[in-house]
Amino acid sequence: MYVTGFLLAVPAAKKEAYREMAASAGPFFQKHGAVEIMEAWEEDVRNGEHTDFRMAVKAEAGEKIVFSWIVWPSKEAADAAEKAMETDPDMQMPDEMPFDGKRMIYGGFSPIYTLGR
């Protein structure tokens, strides 16, 4: 298993636009081998003293935090999917992104412990 994780800030008023974008992108990732996709909207994100989710993405007033991840069968599968998606004619970016991609944090992770899978 390999996980690509994302952290971003989305204006609260654009929650549905973000959900729609995620729902339309989900099958595209699945087509390229994603096993699971999770998009989680802020419900209880507390402010930290030195760092926190909001500070990490420089969230502005009125923005909510989205924590999401894509599970792949392996790092090799994730890397192959990334390359394939770059040239896939089905790759469609929305005319207007519902968030500021410059403040999105993302990366790939190899699990060191799982429970429940």
Side-chain angles (χ1 to χ4, degrees):
M1 172 190 316
Y2 186 73
V3 179
T4 308
F6 305 86
L7 183 66
L8 54 142
V10 178
K14 293 188 177 183
K15 179 180 182 180
E16 184 56 23
Y18 182 85
R19 192 204 61 73
E20 288 174 4
M21 181 196 71
S24 69
F28 181 75
F29 287 109
Q30 202 171 34
K31 167 182 151 180
H32 287 284
V35 174
E36 175 183 309
I37 299 167
M38 169 62 76
E39 298 283 349
W41 188 261
E42 172 186 340
E43 197 63 40
D44 181 16
V45 175
R46 299 175 187 181
N47 294 328
E49 197 170 308
H50 300 286
T51 190
D52 61 30
F53 285 114
R54 278 182 184 57
M55 286 187 238
V57 295
K58 297 183 179 180
E60 299 171 357
E63 290 184 326
K64 296 292 188 175
I65 303 302
V66 171
F67 180 50
S68 68
W69 60 88
I70 301 172
V71 177
W72 305 93
S74 64
K75 182 177 187 326
E76 295 76 22
D79 290 345
E82 182 178 5
K83 285 184 180 143
M85 289 186 288
E86 290 174 1
T87 59
D88 187 324
D90 291 337
M91 175 70 147
Q92 299 293 321
M93 298 299 285
D95 292 335
E96 184 180 325
M97 294 296 279
F99 65 93
D100 179 359
K102 293 176 186 161
R103 293 185 286 133
M104 178 174 69
I105 298 171
Y106 62 93
F109 301 85
S110 294
I112 59 172
Y113 174 79
T114 64
L115 177 67
R117 286 194 177 270

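Hydrogens, waters and symmetry mates are skipped; everything else that's a heavy atom, side chains included, is used.
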What are the two closest non-hydrogen atoms of [X] and [Y], and how far apart are they?
X   : Y   : value
S24 : P27 : O-CD, 3.6 Å
P73 : V35 : CD-CG2, 3.7 Å
M55 : G48 : CE-O, 3.4 Å
K31 : D88 : NZ-OD2, 2.8 Å

Using 4.0 Å as the upper bound for N to carboxylate O, is an ion pair formed by [Y] and [X]?
X   : Y    : answer
K83 : E86  : no
E20 : K14  : no
K58 : D100 : no

(request) Please work out which of the three classes, parallel, tilted or perpendicular, describes the rings of W41 and Y18, given edges at 30° and 60°. (result) tilted
Hey, does [Y] have a side-chain heavy atom less than 4.5 Å from the side chain of [X]?
X    : Y   : answer
M21  : M97 : yes
E39  : V66 : yes
R54  : N47 : yes
R103 : E60 : yes
M104 : V57 : no
L8   : I65 : no

Hphob cluster co-occupancy, [X] + [Y], side-chain heavy atoms under 4.5 angstrom:
X   : Y    : value
V3  : M85  : no
M1  : W69  : yes
M38 : Y106 : no

Kindly compute the distance separating [atom1] ([X]) from [atom2] ([Y]), expressed to the nearest 0.5 Å.
X   : Y   : atom1 : atom2 : value
F28 : I37 : CZ    : CD1   : 11.0 Å
S74 : Y2  : OG    : OH    : 10.0 Å
E36 : F29 : CD    : CZ    : 14.0 Å
F53 : F67 : CZ    : CZ    : 5.5 Å

(request) Before giving the answer on side chain to side chain contact (heavy atoms under 4.5 Å, CB included), spell out for V10 and K15 the whole-Å C-alpha distance, their side-chain angles and the decisive distance to 0.1 Å. (result) CA-CA 7 Å; V10 178; K15 179 180 182 180; 5.9 Å; no
(message) Between W72 and T4, is there a side-chain donor-acceptor contact under 3.5 Å, judged purely by atom types and distance?
(response)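 Result is yes, a qualifying pair exists.
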(request) Please indicate whether E96 has more than 12 foreign heavy atoms, meaning atoms of other residues, nucleotides or ligands, lying under 6.0 Å from its CD. (result) no
